[in-house]
There are 2 protein chains.
Amino acid sequence: MRVVLHPSPRETLHLVEEALRNGETILLVGLCGVEYEGRSSATLPPGERVVFLKSDGTLLVHQRVGNNPICWNPPGSRAKIRQEDELLLLESERLKPRENVKITFLQVVFAGSFELVDHAELELRGTERELVETLIQHPNLVEPGFRVVKREKPTRYGVIDLYGMDGEGNTVVVEVKRLASFQAVQQLRRYVDLLKQREPGEVRGVLVATRFTRGVKALLEDCGFEYRVLNPRKINKGEKGVQSRLTDY
Amino acid sequence: MRVVLHPSPRETLHLVEEALRNGETILLVGLCGVEYEGRSSATLPPGERVVFLKSDGTLLVHQRVGNNPICWNPPGSRAKIRQEDELLLLESERLKPRENVKITFLQVVFAGSFELVDHAELELRGTERELVETLIQHPNLVEPGFRVVKREKPTRYGVIDLYGMDGEGNTVVVEVKRLASFQAVQQLRRYVDLLKQREPGEVRGVLVATRFTRGVKALLEDCGFEYRVLNPRKINKGEKGVQSRLTDY
DNA sequence: CAATAGATGTCGTTC
DNA sequence: GAACGACGTCTATTG
């Protein structure tokens with residue numbers, strides 16, 4: 001760890017260059033302006049910000065408010081720093097697509113480099129993946145008599161989350177979402193339309209999600225699709241965690 | 001600005017409490033474990049990370065790699081810090097939806113608080129909004145004879161980017177995207193289907209974007225839609241920045 | 001490498 | 001406040 005308060009441009013330059021060589025994490029706080037040029041382009045006039053440079057090339061510029069960085073370059077980018085008169089220029093280049101972030105420091109208030117040791121990985125629960133697994137283990141949550149034929153069935157127009165048969169031998173396409181949006185319905189529709197061309201007999205579409213919006217239910221009805229509300233809490237406890245609702249069609 | 005190296009839990013506690021009171025931006029570096037509970041839930045075993053706490057309630061936990069924070073709470077959350085034996089507990093609470101991030105510091109290597117003055121705002125160019133404006137100024141980019149009737153026409157199923165008439169009085173629905181995806185086609189389809197019920201005569205769908213994938217073009221053709229490739233560079237220069245392609249239907 | 005969909009997405013805008 | 005779509009989305013997964 002190395003930390004400097006109110007460093008001179010020269011001191012900051014050295015700290016950053018050494019940290020880049022050593023693969024350390026860099027934090028800079030100071031007055032700077034930012035230019036971005038790439039998929040889009042942007043200008044951010046000078047202000048005091050936190051600049052975060054990681055050893056994997058990630059560059060983040062954070063303002064005093066907001067969840068997201070105001071400017072950034074993703075992992076894999078290359079950063080270079082140089083001094084021009086009393087200004088310090090930090091430039092990050094991404095190759096594909098070509099994107100360039102140029103930070104001009106008028107004044108650096110704080111510069112620090114840190115060697116972070118961290119081999120831990122996030123263990124996340126409650127993802128869509130888990131919802132699908134739940135349905136596979138408990139196909140009756142889709143409906144009594146439902147049999148899973150294939151998970152993640154690839155088609156010309158994307159991958160179907162779950163695909164199976166109902167008790168009467170009809171094809172059932174299941175789209176699973178944590179939050180059901182218009183998009184989800186349209187995705188389901190794409191798959192159902194495709195399978196209608198290929199499969200004999202009826203093709204039903206079912207949207208399973210933990211939450212629905214009103215507009216979505218209307219659109220589902222218009223499309224002749226059905227939906228199921230999953231309750232993730234109850235699922236975890238092994239109870240019956242589904243409210244069924246069949247639209248008539 | 002206040003900075004402490006290898007602070008004791010007590011020192012960190014004081015620094016953070018004072019910074020929270022003063023609305024300052026806080027940076028902590030150290031060994032910590034994280035628990036998240038909310039829309040989803042997650043556990044991150046201990047490791048060395050950068051913790052970023054903003055005066056608007058934003059909490060970010062960054063690992064040594066990756067563009068995105070591994071854990072976070074968005075603006076509007078409330079942070080509290082307290083000491084338990086030699087451990088330091090930083091807890092952030094969001095109310096709607098209820099989400100909780102709890103950081104347990106086993107060791108703090110660096111603690112800093114900063115008063116950031118920044119009134120600048122990002123000026124971004126090249127967004128979808130600009131593409132739509134270009135089409136309004138140059139409706140012939142959609143096709144010769146096209147007349148804009150309405151921009152951002154709201155419907156039951158969303159807002160149509162651009163809506164107008166072709167030279168023969170047919171309704172034309174235009175969906176504009178920077179990158180054309182399956183979703184964009186489906187969005188267009190939703191609008192076209194809706195207008196077919198309402199408008200007399202033919203309803204055409206046109207997807208205008210700067211980039212298309214092969215699958216998207218296939219789906220467009222299946223739906224009987226047309227597409228236009230916009231070249232943003234040429235548009236900026238005022239040249240004819242479009243390649244037309246009419247699917248027959 | 002392109003293409004496709006998920007995400008604790010976040011964020012802005014509209015209803 | 002809910003809902004809906006854009007985003008320099010980013011990221012993982014798969015062909």
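Base contact: A/N73 has a heavy atom under 4.0 Å from a base atom. If you check every strand for non-hydrogen atoms under 4.0 Å, B/E128 touches sugar and phosphate atoms only. Residue B/R211 is in sugar-phosphate contact alone, with no base atom involved, counting any heavy-atom pair closer than 4.0 Å across all strands shown. Among the atoms of the strands shown, only primed sugar atoms or phosphate atoms (P, OP1, OP2) are found under 4.0 Å from some heavy atom of B/F182. Within 4.0 Å (heavy atoms only), B/P69 reaches no atom of the nucleic acid at all.
Taking atom NZ of B/K217 as the reference point, atom P of C/dA3 lies 10 Å away to the nearest angstrom. When rounded to the nearest whole Å, the span between CG of A/N68 and P of C/dC11 equals 5 Å. Whole-Å rounding puts the B/R129 CZ to C/dT14 C1' distance at 12 Å. Atom-to-atom, CD of B/Q187 to C1' of D/dA3 comes out at 14 Å; the value is rounded to the nearest Å. Between B/R94 atom CZ and C/dC11 atom P there is a gap of 9 Å when expressed in whole angstrom units. Remark: P of C/dT4 and CG of A/L194 are 13 Å apart, rounded to the nearest angstrom. Atom CG of B/L207 is separated from atom P of D/dG5 by 15 Å (rounded to the nearest Å). If you measure from atom CZ of A/R214 to atom P of D/dG1, you get 16 Å, rounded to the nearest angstrom.
Salt-bridge annotation for A/R98 and A/E93: present, with a side-chain N of the basic residue lying under 4.0 Å from a carboxylate O of the acidic one. Ion pairing between a basic and an acidic side chain is recognised when a charged N comes within 4.0 Å of a carboxylate O; A/R125 and A/E130 show no such pairing. Salt bridge annotation for A/E133-A/R151: present, with a cationic side-chain nitrogen under 4.0 angstrom from a carboxylate oxygen. The pair B/R189-B/D222 does not meet the salt-bridge criterion, since no charged nitrogen lies less than 4.0 angstrom from a carboxylate oxygen. Salt bridge status for B/E91 with B/R78: absent, with no side-chain N to carboxylate O gap under 4.0 Å. Salt-bridge formation is detected for the pair A/R39/A/E99: a Lys NZ or Arg NE/NH1/NH2 atom is positioned less than 4.0 Å from an Asp or Glu carboxylate oxygen.
The shortest distance between the side-chain N/O atoms of B/T213 and the OP1/OP2 oxygens of C/dT4 is below 4.0 Å. Phosphate proximity of D/dC10 to A/W72: present, with a side-chain N or O under 4.0 Å from OP1 or OP2.
Counting heavy atoms of neighbouring residues, nucleotides and ligands inside a 6.0 Å radius, atom CZ of A/R129 does not exceed 12 of them. Few gaps surround CZ on B/R94; more than 12 heavy atoms of other groups in view lie less than 6.0 Å from it.
For the contact set between residues 37-66 of chain B and DNA chain D, defined by any heavy atom under 4.0 Å, there are no members. Interface residues of residues 149-158 of chain A facing DNA chain C, ordered by number: A/Y157, A/G158; criterion, heavy-atom separation under 4.0 Å.
With C/dG6, C/dT4, D/dG8 as the choices, the nucleotide that has an atom nearest any side-chain atom of A/P74 turns out to be D/dG8. Set against C/dT8, D/dA6, D/dG8, the side chain of B/K177 has D/dA6 as its closest nucleotide. Residue A/Y191 has its side chain nearest to C/dA5 when only D/dC4, C/dG6, C/dA5 are considered. When the nucleotides D/dG1, D/dG8, C/dA7 are ranked by their closest atom to the side chain of A/T127, C/dA7 comes out on top. Residue A/C71 places its side chain closer to D/dG8 than to any other of D/dT11, C/dT8, D/dG8.
Each of A/V216 and B/N67 was matched to the nucleotide of DNA chain D holding its nearest heavy atom; the match closer to the 5' end belongs to A/V216. Nucleotides of DNA chain C nearest to B/Q183 and A/L179 differ in position, and the one nearer the 5' end is that of B/Q183. Summary of the strand contacts: A/G215 and B/G126 both lie near DNA chain D, and taking for each the nucleotide with the nearest heavy atom, the more 5' one is attributed to A/G215. Between A/K96 and A/R178, the residue whose closest nucleotide on DNA chain C is further toward the 5' end is A/K96.
Nucleotides C/dA7 and D/dG5, compared at atom C1', are 15 Å apart to the nearest Å. Of the C1' atoms belonging to D/dC7 and D/dT11, the separation is 14 Å, rounded to the nearest Å.
With A/Y163 as the aromatic partner, A/K153 meets the cation-pi criteria of under 6.0 angstrom to the ring centre and within 45 degrees of the ring axis.
Under the 3.5 Å distance criterion, with hydrogens and angles disregarded, a donor-acceptor pair is assigned to the side chains of A/Q187 and A/K177.
Side chains of A/V216 and A/F182 form a contact here, defined as non-hydrogen atoms less than 4.5 Å apart.
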